[in-house]
Protein chains: 4
Amino acid sequence: MLLTLDLDSEVPIYQQIRDRIVEAIADGALAEGSALPSTRHLGADLGINFHTVNKAYDLLRNQGFIRINRKTGAVVRRDTTSGPAEDGYADEWQERLRTLLAEAVVLGLEPREVTGRCETVLGSFAVKSGTRP
Amino acid sequence: MLLTLDLDSEVPIYQQIRDRIVEAIADGALAEGSALPSTRHLGADLGINFHTVNKAYDLLRNQGFIRINRKTGAVVRRDTTSGPAEDGYADEWQERLRTLLAEAVVLGLEPREVTGRCETVLGSFAVKSGTRP
Amino acid sequence: MLLTLDLDSEVPIYQQIRDRIVEAIADGALAEGSALPSTRHLGADLGINFHTVNKAYDLLRNQGFIRINRKTGAVVRRDTTSGPAEDGYADEWQERLRTLLAEAVVLGLEPREVTGRCETVLGSFAVKSGTRP
Amino acid sequence: MLLTLDLDSEVPIYQQIRDRIVEAIADGALAEGSALPSTRHLGADLGINFHTVNKAYDLLRNQGFIRINRKTGAVVRRDTTSGPAEDGYADEWQERLRTLLAEAVVLGLEPREVTGRCETVLGSFAVKSGTRP
DNA sequence: GTGGTCTAGACCACG
DNA sequence: GTGGTCTAGACCACA
């Protein structure tokens with residue numbers, strides 16, 4: 001199974017699909033050029049309406065993660081080797097990171113534990129080892 | 001101004017209020033015991049309905065960040081010095097961190113940049129430096 | 001009718017709804033997985049605003065009794081077979097019990113009557129008979 | 001100190017005062033005829049407004065626990081030896097008991113634990129040992 | 001069709 | 001003056 005969903009989560013299903021696929025790309029399970037299942041197929045697999053899958057794929061396309069083509073279906077467009085981020089993206093992303101880290105330190109996680117967990121997560125990804133040319 | 005909102009964001013207003021307050025606690029602008037503005041007052045300041053502020057405060061209370069008292073209003077209950085996190089919290093939190101970091105590395109941020117930004121953010125917080133006694 | 005309310009009571013309506021639903025779960029009328037009426041529907045049935053029902057459901061969710069799902073609405077999450085209580089819950093609960101029992105014995109109920117009524121109430125619930133495996 | 005309050009509780013202060021005094025009567029710390037502190041005195045002791053104490057005493061009088069006299073102040077009117085309850089009281093009380101017990105069994109307390117805790121609490125009260133004539 | 005968000009205004013409880 | 005409750009209605013997100 002490509003994905004596992006929590007239908008009772010307050011996170012919308014389409015968002016969960018998006019999140020799991022982004023994570024699958026990050027950890028190397030889906031490399032650039034990989035084909036994603038068809039929306040109808042994945043919807044059937046997950047027991048949800050294919051329109052919901054459609055919305056997730058739309059979101060992934062708008063965010064630059066995949067390419068959608070009527071003939072070939074959805075294909076991974078970026079992975080961790082695909083080149084640098086767009087201008088301004090990192091700063092916008094850091095704002096969200098700031099919110100997430102703030103919650104953790106206020107609720108009692110030590111800074112060293114926070115950085116440790118960041119490194120653990122990064123280590124689980126299939127990231128390139130050196131700098132890009 | 002305590003808070004700045006983006007009324008056009010798809011993030012709900014009450015969630016933005018919650019996020020900004022958590023960040024303010026993390027960076028030391030709001031220490032344990034600090035009083036928050038009254039819901040009606042803050043609502044007026046921000047140009048929004050006080051019920052929306054109420055919902056944000058309710059959320060903060062349910063998540064353990066503040067306590068609410070009829071006489072004194074809302075008061076910060078936790079800050080970065082308030083003690084360790086609840087069991088299981090860190091693991092649940094790491095799942096959300098994983099999603100956020102995955103997005104960054106796929107969209108082209110180098111791992112070293114990711115960890116650098118984590119440390120930058122943590123450094124901006126008023127975190128305790130050593131282990132707690 | 002699922003619920004009967006006393007609109008003249010000083011107990012808030014949303015609290016009454018919460019109490020009646022918890023009781024319905026306890027006595028087996030609502031088993032784990034049962035669907036609750038939609039907020040708008042129940043509000044119409046009871047002649048109250050759906051926001052009030054919403055607040056009751058929110059409370060039930062925060063206390064772990066139900067889960068709420070956009071598609072399926074509110075569903076019972078715990079019943080008497082769902083497993084042991086959280087650490088510390090029983091002691092906090094006993095404080096409330098103490099207050100209630102104190103009132104009864106001072107106002108003239110015999111201890112044997114108090115225990116008898118406790119057992120009567122427990123007997124009316126659909127409680128598991130032995131220890132859990 | 002006669003009472004300990006939790007100023008951050010969502011239970012109103014006047015209600016907490018009422019509850020603690022009822023418990024003190026139940027466990028024998030306050031026997032019938034005992035004088036309660038003056039409202040101003042108790043308010044000063046607790047660091048709260050004496051009007052709040054006044055409201056608690058009013059409630060206790062309306063519920064039959066104390067007698068208030070301009071000259072002698074507030075005096076305990078009932079204790080566990082004062083005779084049987086009013087007609088209908090026990091049934092109304094049982095409704096509240098039912099709500100409280102329902103919560104416990106749904107949240108995972110075993111029936112035997114519930115009855116055990118009831119008996120523990122009753123055992124802590126200074127209750128008469130036999131039947132009344 | 002479901003719940004979620006936001007606005008708005010009234011009245012009450014608390015201290 | 002503070003938060004809490006309840007009502008009311010509009011619009012949106014989700015599935």
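Labels below follow one simple rule: chain letters A, B, ... track the order of the sequence lines, proteins then strands, and each chain is numbered from 1. Scope of the values below: all heavy atoms of this structure, side chains included, with no hydrogens, waters or symmetry mates. Predicted model, so just to flag it, every value in this text is computed and none were measured.
- We find that CD of Gln15(D) is positioned 9 Å from P of dC14(E), with the value rounded to whole Å.
- In this structure, Glu92(C) places its CD atom where more than 12 heavy-atom neighbours from other residues, nucleotides or ligands lie under 6.0 Å away.
- Side-chain contact of Asn49(A) with Thr52(A): a donor-acceptor pair under 3.5 Å is absent, judged by distance alone.
- In this structure, Ile13(A) and Phe50(B) both approach DNA chain F, and ranking their closest nucleotides by distance from the 5' end singles out Phe50(B).
- Computed from coordinates, the Asp8(C) CG to dC12(E) P distance equals 14 Å when rounded to whole Å.
- Within 4.0 Å (heavy atoms only), Ile48(D) reaches no atom of the nucleic acid at all.
- For the residue pair Thr81(C) / Glu32(C), no side-chain donor-acceptor distance below 3.5 Å is found, with atom types taken as modelled.
- Across all strands, Tyr57(C) comes closer than 4.0 Å to no nucleic acid atom at all (heavy-atom distances).
- Side chain of Trp93(C) to backbone of Leu100(D): a donor-acceptor contact under 3.5 angstrom is found.
- Side-chain atoms of Gln16(C) come within 3.5 Å of backbone atoms of Asp6(C) as a donor-acceptor pair (strictly under, hydrogens ignored).
- Nearest-nucleotide positions on DNA chain E for Arg61(C) and Lys55(D) put Arg61(C) closer to the 5' end.
- With sequence neighbours excluded, the residues forming a side chain to side chain donor-acceptor pair (under 3.5 Å) with Gln94(A) are Arg117(B), listed by chain and number.
- Rounding to the nearest 0.5 Å places CD1 of Ile48(C) at 8.5 Å from CG of Leu3(C).
- Regarding Arg40(B), its CZ atom lies at a distance of 11 Å from the C1' atom of dC12(E), rounded to whole Å.
- If you measure from atom CZ of Arg70(B) to atom C1' of dC14(E), you get 6 Å, rounded to the nearest angstrom.
- Within 4.0 Å (heavy atoms only), Asn49(C) reaches at least one base atom of the nucleic acid.
- Going from atom CG of Leu42(A) over to atom CZ of Phe50(A) covers 12.5 Å, rounded to the nearest 0.5 Å.
- Toward the 5' end of DNA chain E, the nearer of the two residues Val11(D) and Thr52(B), judged by each one's closest nucleotide, is Thr52(B).
- A 4.0 Å heavy-atom criterion places the boundary nucleotides of DNA chain F facing chain B at dT2(F) to dC6(F), written 5' to 3'.
- Stem regions for DNA chain F, each three or more consecutive Watson-Crick or G-U pairs with both distances under 3.5 Å and listed by first number, read E:1-14 with F:1-14.
- The pair Arg40(D)-Asp45(D) does not meet the salt-bridge criterion, since no charged nitrogen lies less than 4.0 angstrom from a carboxylate oxygen.
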